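Everything numeric here is computed off the predicted structure, so don't read it as measured data.
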Amino acid sequence: LNQPPFKWAIASTGKVHSTGGLQVLGVKDFGTLIHGVENLPPEQILPGHLVSDSSDGQALLLDSSASAPTLVTGDAQTMGGVNLGASTTVRGQVKQHAESAKLPEVVVENYDPAGVSGVQDISQSTLSSTLNVSGISRRTGSLTVNQGGLALDEGYLYVDGDLEIYGGLSGKGAIFSTGDVKVHGLSHFSTANLQAIVAKGNLELDGSGPGASSFQGLLMSGGGQLKARQVTLVGSFVGTSRDGQGSNIDLDQVKLVASPQAIHLDFPNLLMQPQPVKPVQVMVPGHGLQTREVSPILDPHLDLSRFY
């Protein structure tokens, strides 16, 4: 069965609001970004699409000014209304009051490696230097890395609580958290950096400017608030909450580049094993919270296209 690639650079069940200028585009090979988004040859720029499944009258608010313009090279779609700033350009279609995009939903607990052979337990709640993760690591309770950031060497980090990282991310790997995730001071662009962050709670990324701070990979949150400031995001930024008004995304001075490579992560060395079937609470649209018997996926192949 061949599935189409995930279409959206930004996708949310709630509102998507941008201030300070925004660029949304696509590339086939994210290695072409090595010299910066601003230096991409025009012929290598592909459509980058965004969608909001909110029915709010201002579900998509793409503010702009002459000094901070907004460019969406693809479509802007929502179940609600669209508000475009004076210096906002959408090269594709502006689709208001459209059908739902039927966004994916991930149960974070399905990826809990507790009981898997070889898991390294993190005993400290606060670390004062770089956290290096190679293989599978797990923390029971919240975790803060105060400086030095997180270095992943085909690493898999599961935090049963909140996660806060100062000093950015580097390397290749996946991060799962049952709470909120905050990352401060993201790294410079490198094709060696490729990560997935999946949070059950809110998600926040703070950079020091789109030219200096970059994240490559998949960002997915089931929380009500997703925020990104002064950063270039390469991959997909997805809010999946089915509660209340959904996941609201707030963007400030962000460049977002859709790339199929950046949302397909393959970690064959993790050798994770499925765990026994267990009950999990799942929010089912139209039916509320239900208990389902599931076998945790713990799949070393993280590919958003399978959710599309």
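Hydrophobic clustering (side-chain heavy atoms under 4.5 Å, transitive across Ile, Leu, Val, Met, Phe, Trp, Tyr) keeps L61 apart from I249. I122 and V159 end up in the same hydrophobic cluster when Ile, Leu, Val, Met, Phe, Trp and Tyr side chains are linked at under 4.5 Å. With hydrophobic clusters built from ILVMFWY side chains whose heavy atoms lie under 4.5 angstrom apart, V90 shares a cluster with L251. A continuous path of hydrophobic side-chain contacts links V108 to L218 [ILVMFWY only; heavy atoms under 4.5 Å]. V82 is connected to I10 through a chain of hydrophobic side-chain contacts under 4.5 Å among Ile, Leu, Val, Met, Phe, Trp and Tyr, so both are in one cluster.
Of all the heavy atoms in A151 and T130, the pair that sits closest is CB-CG2, 4.1 Å. Closest heavy-atom contact between G171 and Q195: O-NE2, 2.8 Å. Summarising the geometry of Q58 relative to K15, their closest heavy-atom pair is O-CD, 4.0 Å, with the distance given to 0.1 Å. Closest non-hydrogen pair, L103 versus T13, comes out as CD1-N, 3.7 Å. Of all heavy-atom pairs spanning S247 and G222, the tightest one is OG-C, 4.2 Å. Closest approach of A114 to D112, counting heavy atoms only: N-OD1, 3.0 Å.
Taking a 6.0 Å sphere around CD of Q96, one finds it holds more than 12 heavy atoms contributed by other residues, nucleotides or ligands. Within a 6.0 Å sphere centred on CD of E38, heavy atoms belonging to other residues, nucleotides or ligands number more than 12.
Checked by atom type, the side-chain pair S100/D53 shows a donor-acceptor distance below 3.5 Å. Side-chain atoms of S52 and S54 include no donor-acceptor pair closer than 3.5 Å. The closest side-chain donor-acceptor pair between S64 and T88 falls under 3.5 angstrom.
Residues satisfying the salt bridge (Lys or Arg N to Asp or Glu O under 4.0 Å) test with D250, not counting sequence neighbours, are none. The salt bridge (Lys or Arg N to Asp or Glu O under 4.0 Å) check on K227 picks up nothing, with sequence neighbours excluded. Checked against salt bridge (Lys or Arg N to Asp or Glu O under 4.0 Å), E43 has no partners two or more places apart in sequence or in another chain. Applying the ring-ring contact (aromatic ring centres under 6.0 Å, His included) rule to H17 yields no partners; only residues at least two apart in sequence or on another chain are considered. In this structure, the side chain to side chain contact (heavy atoms under 4.5 Å, CB included) partners of Q124, at least two apart in sequence or on a different chain, are L127. Not counting sequence neighbours, the partners of D121 by the side chain to side chain contact (heavy atoms under 4.5 Å, CB included) test are V119, R138.
Rounding to the nearest 0.5 angstrom, the gap separating the CG atom in L233 from the CG atom in L256 is 4.5 Å. Rounding to the nearest 0.5 Å places NZ of K255 at 12.0 Å from OG of S213. Atom CG of residue L205 and atom CD1 of residue I165 lie 9.5 Å apart, to the nearest 0.5 angstrom. Put simply, CG on L46 and CG on L25 are 8.5 Å apart, with the number rounded to the nearest 0.5 Å. Rounded to the nearest 0.5 Å, atoms CG (D162) and NZ (K182) are 8.5 Å apart. Taking CG of L84 as the start and OG of S18 as the end, the distance is 11.0 Å to the nearest 0.5 Å.
Proximity of N193 to L169: side-chain heavy atoms (C-beta onward) are nowhere separated by under 4.5 Å. A 4.5 Å side-chain heavy-atom check between L33 and T232 finds every atom pair outside the cut-off. Residues Y111 and V198 fail the side-chain proximity criterion, which asks for heavy atoms closer than 4.5 Å. At least one side-chain heavy atom of L62 sits less than 4.5 Å from a side-chain heavy atom of L22. I197 places a side-chain heavy atom less than 4.5 Å from the side chain of F215. Contact annotation: the side chain of H184 approaches that of E164 to within less than 4.5 Å [non-hydrogen atoms, C-beta and beyond]. In this structure the side chain of V94 never reaches within 4.5 angstrom of the side chain of L60, judged on heavy atoms.
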- [ ] Kindly indicate, with the supporting measurements, whether the criterion side-chain contact (heavy atoms from CB on, under 4.5 Å) is fulfilled by T70 and D63.
- [x] CA-CA 7 Å; T70 286; D63 200 6; over 6 Å; no

- [ ] With side-chain contact (heavy atoms from CB on, under 4.5 Å) as the test, would you mind laying out the steps for V37 and Q23 before giving the verdict?
- [x] CA-CA 9 Å; V37 174; Q23 290 185 39; 3.8 Å; yes

*Given side-chain contact (heavy atoms from CB on, under 4.5 Å), test R229 with E204 step by step and report yes or no.*
CA-CA 8 Å; R229 287 185 286 266; E204 184 174 334; 2.6 Å; yes

- Task: Could you check R139 against L163 for side-chain contact (heavy atoms from CB on, under 4.5 Å), going step by step and ending with a plain yes or no?
- Result: CA-CA 10 Å; R139 163 69 188 165; L163 174 63; over 6 Å; no

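S221 contributes a side-chain N or O that, together with a main-chain N or O of G201, makes up a donor-acceptor pair within less than 3.5 Å. At least one donor-acceptor pair closer than 3.5 Å links the side chain of N202 to the backbone N or O of G224. Side-chain atoms of D153 never come within 3.5 Å of backbone atoms of S134 as a donor-acceptor pair (strictly under, hydrogens ignored). Side-chain atoms of Q216 never come within 3.5 Å of backbone atoms of L194 as a donor-acceptor pair (strictly under, hydrogens ignored).
Here the rule is side chain to side chain contact (heavy atoms under 4.5 Å, CB included) with Y158, and of T178, V116, I136, I175 only T178 fits it. Under the side chain to side chain contact (heavy atoms under 4.5 Å, CB included) rule, L150 has a single partner from L143, V145, L157, which is L157.
By the 30° and 60° cut-offs, the orientation of the rings of H49 relative to W8 is perpendicular.
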